[in-house]
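In what follows, a structure is listed as structure tokens, so that the remarks can point back to it.
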Amino acid sequence: MTGPEKDANTMRALQALESGDSSVRLRAALAVGTAPDPRFVDTLVERCAIEPEFFVREMVTWALLRHPPALTVPKLTSQLRSERAQARSQALHTLSKIGDRRAWPAVTRALLTDPDEEVARSAWRAAVALVPPGDEPELAEVLATQLGRGTRDTRLSLSRAFVALGAVAMPILRVAMTAPDPQVRAHAIATQRLARDPDVGVESSIEEAKRVLALGAIGEEG
């Protein structure tokens, strides 16, 4: 392929990523990932921040993974300061897939405790993937501040993050099991149970934890 032909194909792919038709955007992201080009990176990162369709976002993420981390990681970490929640969430998701620990300093406490649940969940996954050896206990302490938070899916994401951290997180969970907030205690107990038996499932673990706490309260009253 000649230089002018390649440039024309690049321009067509970049334009197609902005098409109003999601199937066109999906095919464009596939084409871009199949033939990586540094000129695509900015547009791919920008597309992550605004793409409304899940399957297209995943294809855009795959296309970014096909480019060198030296090009993509700085662009993605800059998105973590965006006011747009999707930009932060998708950048974190992509960084977790890349797995380049140079991104670790950008996964801040503010992101790990982000008020947007999708951003926080993405930050937990990214943190577990990127945390340097030796920093796991400090990360677990921050994650413990989020116990009891949010929807079932949010709690499951946090429990999975604790399980992925392994034994270093268990002492912090044991402290959380004595917290004044019953929601925190139940989530901590459920997470420890999930760590011991991953087949149990977080929902049944939380219900069991609530029963344990209720029985404890009854015993205290008696």
Side-chain angles (χ1 to χ4, degrees), residues 1 3-132 135 139 142 153-154 157 160-161 164:
M1 184 182 294
E5 287 175 325
K6 184 176 181 180
D7 288 343
N9 287 340
T10 298
M11 288 305 300
R12 281 194 293 272
L14 290 174
Q15 290 168 358
L17 283 169
E18 299 176 0
S19 169
D21 186 332
S22 61
S23 64
V24 173
R25 298 196 303 274
L26 184 68
R27 288 194 297 271
L30 175 61
V32 167
T34 302
D37 186 312
R39 290 173 292 180
F40 293 135
V41 171
D42 283 340
T43 301
L44 290 169
V45 171
E46 290 165 7
R47 191 72 230 167
C48 277
I50 61 174
E51 174 54 52
E53 298 294 334
F54 171 77
F55 291 109
V56 179
R57 288 199 303 272
E58 286 298 286
M59 189 63 76
V60 172
T61 291
W62 173 78
L64 281 166
L65 294 176
R66 298 273 295 160
H67 291 77
L71 293 177
T72 58
V73 168
K75 302 287 186 182
L76 290 164
T77 54
S78 71
Q79 291 289 296
L80 301 182
R81 298 186 293 274
S82 173
E83 293 183 2
R84 185 187 291 270
Q86 182 175 307
R88 302 194 302 277
S89 176
Q90 198 63 25
L92 286 161
H93 172 65
T94 308
L95 287 167
S96 72
K97 297 287 188 183
I98 293 171
D100 190 320
R101 283 190 168 137
R102 286 176 292 184
W104 168 246
V107 184
T108 61
R109 187 187 185 97
L111 290 167
L112 293 167
T113 60
D114 198 287
D116 186 281
E117 289 197 4
E118 283 302 314
V119 175
R121 290 172 63 191
S122 295
W124 301 338
R125 288 191 293 268
V128 168
L130 301 173
V131 62
D135 285 358
L139 171 58
V142 178
D153 287 342
T154 298
S157 291
R160 285 174 173 164

Rounded to the nearest 0.5 Å, how far apart are [atom1] of [X] and [atom2] of [Y]?
{"X": "Leu44", "Y": "Leu71", "atom1": "CG", "atom2": "CG", "result": "11.5 Å"}
{"X": "Arg121", "Y": "Asp116", "atom1": "CZ", "atom2": "CG", "result": "10.5 Å"}
{"X": "Leu64", "Y": "Gln90", "atom1": "CG", "atom2": "CD", "result": "9.0 Å"}
{"X": "Asp135", "Y": "Leu130", "atom1": "CG", "atom2": "CG", "result": "11.5 Å"}
{"X": "His67", "Y": "Arg39", "atom1": "NE2", "atom2": "CZ", "result": "10.0 Å"}
{"X": "Trp124", "Y": "Leu92", "atom1": "CH2", "atom2": "CG", "result": "12.0 Å"}

* With no hydrogens and no angle check, do the side chains of Ser23 and Asp21 hold a donor and an acceptor under 3.5 Å apart? ->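 The criterion, which ignores hydrogens and geometry beyond distance, is satisfied for Asp21 and Ser23.
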
* Asked: Have Glu118 and Ser89 got a donor and an acceptor in their side chains that come within less than 3.5 Å?
  ->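 Distance-only check fails for Glu118 and Ser89.
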
* Within a strict 4.5 Å, meaning less than it, do heavy atoms of the Arg84 and Ile50 side chains meet? ->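 Side chain of Arg84 against side chain of Ile50, heavy atoms only: contact under 4.5 Å found.
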
* Asked: Is it true that atom CZ of Arg125 has more than 12 heavy atoms of other residues, nucleotides or ligands lying nearer than 6.0 Å?
  ->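 Above 12, so yes.
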
Please give me the minimum heavy-atom distance between [X] and [Y], naming the atom from each residue.
{"X": "Glu83", "Y": "Arg88", "value": "O-NH1, 3.3 Å"}
{"X": "Leu30", "Y": "Trp62", "value": "O-CZ3, 3.6 Å"}
{"X": "Gln79", "Y": "Ala49", "value": "OE1-CB, 3.7 Å"}
{"X": "Leu111", "Y": "Ala123", "value": "O-CB, 3.5 Å"}
{"X": "Leu139", "Y": "Leu112", "value": "CD1-CD1, 3.8 Å"}
{"X": "Val56", "Y": "Ser22", "value": "CG2-O, 3.6 Å"}

* CA sep, side-chain torsions, deciding dist, call: Leu65, Ile98, side chain to side chain contact (heavy atoms under 4.5 Å, CB included) -> CA-CA 6 Å; Leu65 294 176; Ile98 293 171; 3.3 Å; yes

* Asked: Is Arg25 paired with Glu51 through a side-chain N to carboxylate O contact shorter than 4.0 Å?
  ->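 Judged by the 4.0 Å cut-off on N to carboxylate O distance, Glu51 and Arg25 do form a salt bridge.
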
* To do: Quick one: do Glu46 and Lys75 satisfy side chain to side chain contact (heavy atoms under 4.5 Å, CB included)? Show the steps, please.
  => CA-CA 9 Å; Glu46 290 165 7; Lys75 302 287 186 182; over 6 Å; no

* Could you go step by step and tell me if Arg57 and Gln86 meet the side chain to side chain contact (heavy atoms under 4.5 Å, CB included) rule? -> CA-CA 11 Å; Arg57 288 199 303 272; Gln86 182 175 307; 3.7 Å; yes

* Asked: Can you check side chain to side chain contact (heavy atoms under 4.5 Å, CB included) on Asp100 and Leu95, steps first, answer last?
  -> CA-CA 7 Å; Asp100 190 320; Leu95 287 167; over 6 Å; no

